Amino acid sequence: MNLNEKRVLLGMSGGTDSSVAAILLQQQGYEVVGVTFRFWDEQQDIEPGYIQEARELASHLNIEHHVYDAREKFQTEVIDYFIAEYLAGHTPFPCVKCNNSLKWKLLLILSEEYQCSKISTGHYALITEQNSFFYITEAADKEKDQTFFLWGLSQYILQKTVFPLGNFIKSEIRKIAAEKGFQRMAEKKDSMGICFCPGDYRDFLKKQESVKGKIKKGNFTDETGNFLGRHEGYFFYTIGQRHGLGIHLNKPVFVKEIIPDSNKVILAPIEEINQQEIILENYNLINQADFSDKFDIFTKINYRKQPTLSRITILDNLHLKVELQSPVMAVAPGQSAVFYRDGKVLGGGVIK
RNA sequence: UGUCUCAUGGUGUAAUGGUAGCACAACAGUUUUUGGUUCUGUUUGUCUAGGUUCGAAUCCUGGUGAGACAA
């Protein structure tokens, strides 16, 4: 295959970040090819506005632009997964699932189709190379750092990936957009929430045909099985949840465990829901030599939480054990645990 | 039936005759490319009818209700 060294395929969402990424890549001398994925639309038949915005921007910057309709793949890889996970009593992480099983795979395939040697996105992250290994590395903007979502990318992908935003902070990115004359782009609000499920995920679940027949009220109990109240259906709750239980015990209680088989949700006071050992599955480690029997790895189980010093043990091809030096709360199956050291992502996995 | 104790938001409780406060829940906002967490704010109350007092959740009387003891 003949790939052009200076051609880069950039995922363009139509938002501020990926738009400025296009500008920065051009400044770095890349020939940018833009692709906008159509993952999910509120209205099926109308071309959504973000596609038009991306197309206009590409035209302004004089770059080649493609639209890729990935709606069917997104449905099976992300939305169906999302629903199945909740029905299994887990807490899905759709953004990680999308990155791992869809977005980057498509970027890779399309990059070859368009003869691009590099892949790029508007993520706030960096890539560093060390001992011939490529590591996702924390961005300069610690507030916006998105490395937590990218732990699953393979070496083959990382070696081809460029993150032009990693050395900038958000306000600088907005400034660049404004300076280049994209005022409206500069003022766009940050995206937030799950892209296919604006608002409360519970409302989304209630609308799904595959879920409707399964909504059954059940019992809240304490850890010893004592009845505490009634709930609306186990998959409307998530580990660590405190509010919205419709139950008052004169002290705060949190969801500790969800048992789909008996439609039971177990509640406990905060000190009972902390955990110091986590089992991960479907892990991805960049270099196993990074891991020792010492507590020298920082593990994050939420992208905004402080990392916790920990020790990682490989159990088998699928499973890892994470021992934490201090307990963390709301460890929910389906969520990600990500390992860091010196700002580098050493790997991660899905909480079992 | 007799004696005693108690009655404050949705729940649990605090306030010596002087601004009815706290916790939990609920609601709203904040934060956020996941869920949850956090943070901020808001709503809601003195069982009832009288009396004493400048002033009553607080003291007095009746009623209603709950609990304990007695039988």
Side-chain angles (χ1 to χ4, degrees), chain A residues 11 13-18 21 37 39-40 50 74 78-79 81-104 121-125 139 141-152 165 170 173 188-205 220 228-231 234-258 265 267-271 273-275 300-306 308 327-338 348 350-351:
Chain A
S13 67
T16 314
D17 294 331
S18 59
F37 292 116
F39 285 131
W40 179 86
Y50 65 87
F74 190 79
V78 181
I79 298 182
Y81 145 86
F82 182 81
I83 295 166
E85 278 289 273
Y86 270 116
L87 292 180
H90 299 165
T91 307
F93 200 161
C95 297
V96 163
K97 177 70 175 167
C98 178
N99 285 337
N100 287 354
S101 335
L102 186 60
K103 193 182 285 175
W104 294 84
T121 66
H123 282 99
Y124 286 84
D141 190 336
K142 302 295 177 221
E143 292 292 308
K144 294 295 295 180
D145 178 75
Q146 290 166 325
T147 53
F148 186 74
F149 302 87
L150 300 169
W151 59 266
L165 303 193
K170 181 81 190 197
I173 296 301
K188 264 197 176 179
K189 267 198 79 177
D190 285 4
S191 65
M192 48 197 272
I194 308 173
C195 63
F196 58 89
C197 153
D200 198 323
Y201 79 87
R202 295 164 187 90
D203 295 332
F204 175 82
L205 285 180
F220 286 122
L228 295 178
R230 297 284 284 168
H231 66 68
Y234 68 89
F235 42 78
F236 292 131
Y237 304 88
T238 188
I239 307 281
Q241 178 175 344
R242 169 180 177 176
H243 295 114
L245 304 175
I247 196 175
H248 45 82
L249 299 176
N250 303 322
K251 63 175 184 206
V253 288
F254 300 78
V255 173
K256 177 176 176 151
E257 209 180 331
I258 294 168
V265 176
L267 305 179
I270 182 136
E271 58 272 15
I273 69 160
N274 292 330
Q275 222 170 297
K300 278 171 103 168
I301 61 155
N302 181 288
Y303 72 111
R304 293 192 71 81
K305 277 242 180 73
Q306 284 297 319
T308 307
V328 294
M329 81 159 271
V331 180
Q335 292 286 290
S336 289
V338 183
V350 177
I351 295 167

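Worth saying up front: this structure is predicted, and the values here are computed from it rather than measured. Computed over heavy atoms, backbone and side chain alike; hydrogens, waters and symmetry mates excluded. Numbered from 1 within each chain, the chains take letters A, B, ... in sequence-line order.
- A donor-acceptor pair is defined here as one N or O able to donate and one able to accept, closer than 3.5 Å; no such pair exists between the side chain of A:Y86 and the backbone of A:Y237.
- Counting only distance, with no hydrogens or angles, the side chain of A:Q335 and the backbone of A:T91 share a donor-acceptor pair below 3.5 Å.
- Candidate nucleotides B:G12, B:U33, B:U37 were compared by shortest atom distance to the side chain of A:C95, and B:U33 ranks first.
- Between A:Y237 atom OH and B:U34 atom P the separation is 22 Å, expressed in whole Å.
- Nucleotides B:U31 and B:U37 place their C1' atoms 11 Å apart, quoted to the nearest Å.
- To the nearest whole angstrom, the two P atoms, one in B:A15 and one in B:A68, are 25 Å apart.
- What separates CZ of A:R304 from C1' of B:G35 is a distance of 15 Å, to the nearest Å.
- Rounded to an integer number of Å, the gap from A:H248 NE2 to B:C27 C1' is 15 Å.
- Each of A:K189 and A:T91 has a nearest nucleotide on RNA chain B; the 5'-most of these lies closest to A:K189.
- Helical stems involving RNA chain B, defined as 3 or more consecutive Watson-Crick or G-U pairs under 3.5 Å, span B:1-7 with B:64-70, B:10-13 with B:21-24, B:26-29 with B:39-42, B:47-51 with B:59-63.
- For A:D190, the listed nucleotide lying nearest its side chain is B:U33; candidates were B:U33, B:G35, B:U37.
- Between A:K251 and B:U11 there is no side-chain N or O to OP1 or OP2 distance below 4.0 Å.
- Put simply, CH2 on A:W104 and OG1 on A:T121 are 4.0 Å apart, with the number rounded to the nearest 0.5 Å.
- Checked by atom type and distance alone, the side chain of A:D141 never pairs as donor or acceptor with a backbone atom of A:Y124 at under 3.5 Å.
- Each of B:U38, B:U11, B:G36 was ranked by its minimum atom distance to the side chain of A:F254; first place goes to B:U38.
- For B:G65 and B:G51, the P atoms lie 24 Å apart once the distance is rounded to whole Å.
- If you measure from atom CZ of A:F74 to atom P of B:U33, you get 17 Å, rounded to the nearest angstrom.
- Across B:U11 and B:G45, the matching P atoms stand 12 Å from one another, rounded to whole Å.
- Taking atom C1' in both B:U43 and B:U48, the straight-line distance is 26 Å, to the nearest Å.
- Distances shorter than 4.0 Å separate some side-chain N or O of A:R242 from OP1 or OP2 on B:C24.
- Between A:T238 and A:H123, it is A:H123 whose nearest contact on RNA chain B lies nearer the 5' terminus.
- Residue A:K305 is classed as a base contact, given a heavy-atom separation below 4.0 Å to a base.
- In this structure, A:F204 places its CZ atom 16 Å from P of B:U34, rounding to the nearest Å.
- Using modelled atom types, no side-chain atom of A:E85 and backbone atom of A:H90 make a donor-acceptor pair closer than 3.5 Å.
- You'll find the ring centres of A:F37 and A:F74 outside the 6.0 Å limit.
- With rounding to the nearest 0.5 Å, the separation of CZ in A:F220 from CG in A:L245 is 4.5 Å.
- Contact annotation for A:Q241: backbone-only contact, meaning every heavy-atom pair under 4.0 Å involves sugar-phosphate atoms and none involves a base.
- Atom name P, nucleotides B:A71 and B:G63: the rounded distance is 26 Å, in whole Å.
- Aromatic ring pairs are classed by plane angle as parallel below 30°, tilted from 30° to 60° and perpendicular above 60°; the pair A:F196 and A:F82 is perpendicular.
- Here the side chain of A:K103 pairs no donor or acceptor atom with the backbone of A:N100 at under 3.5 angstrom.
- Residue A:F149 is in base contact, counting any heavy-atom pair closer than 4.0 Å across all strands shown.
- Distance, A:I301 CD1 to B:U37 C1': 10 Å, rounded to whole Å.
- No contact: A:F82 has no heavy atom under 4.0 Å from any strand.
- A:G334 comes within contact range of no nucleotide atom at all, as no heavy-atom separation falls under 4.0 Å.
- Comparing B:G55 with B:G18, their C1' atoms sit 7 Å apart, to the nearest whole Å.
- Contacts of A:K144 with the nucleic acid, taken as non-hydrogen atoms under 4.0 Å apart, involve only primed sugar atoms and P, OP1 or OP2.
- Atom CG in A:L245 sits roughly 11 Å away from atom C1' in B:G36 (whole-Å rounding).
- Look at CG on A:L249: it is 9 Å from C1' on B:A25, rounded to the nearest Å.
- A:I239 comes within contact range of at least one nucleobase, with a heavy-atom separation under 4.0 Å.
- Comparing the same atom, P, in B:A23 and in B:C39 gives a spacing of 11 Å after rounding to whole Å.
- Dashed line: the shortest gap from a side-chain N or O of A:H243 to OP1 or OP2 of B:U37 is under 4.0 Å.
- Within 4.0 Å (heavy atoms only), A:P252 reaches sugar-phosphate atoms of the nucleic acid but no base atom.
- Here A:D17 does not pair with A:K144 in a salt bridge; the nearest charged N to carboxylate O distance is not below 4.0 Å.
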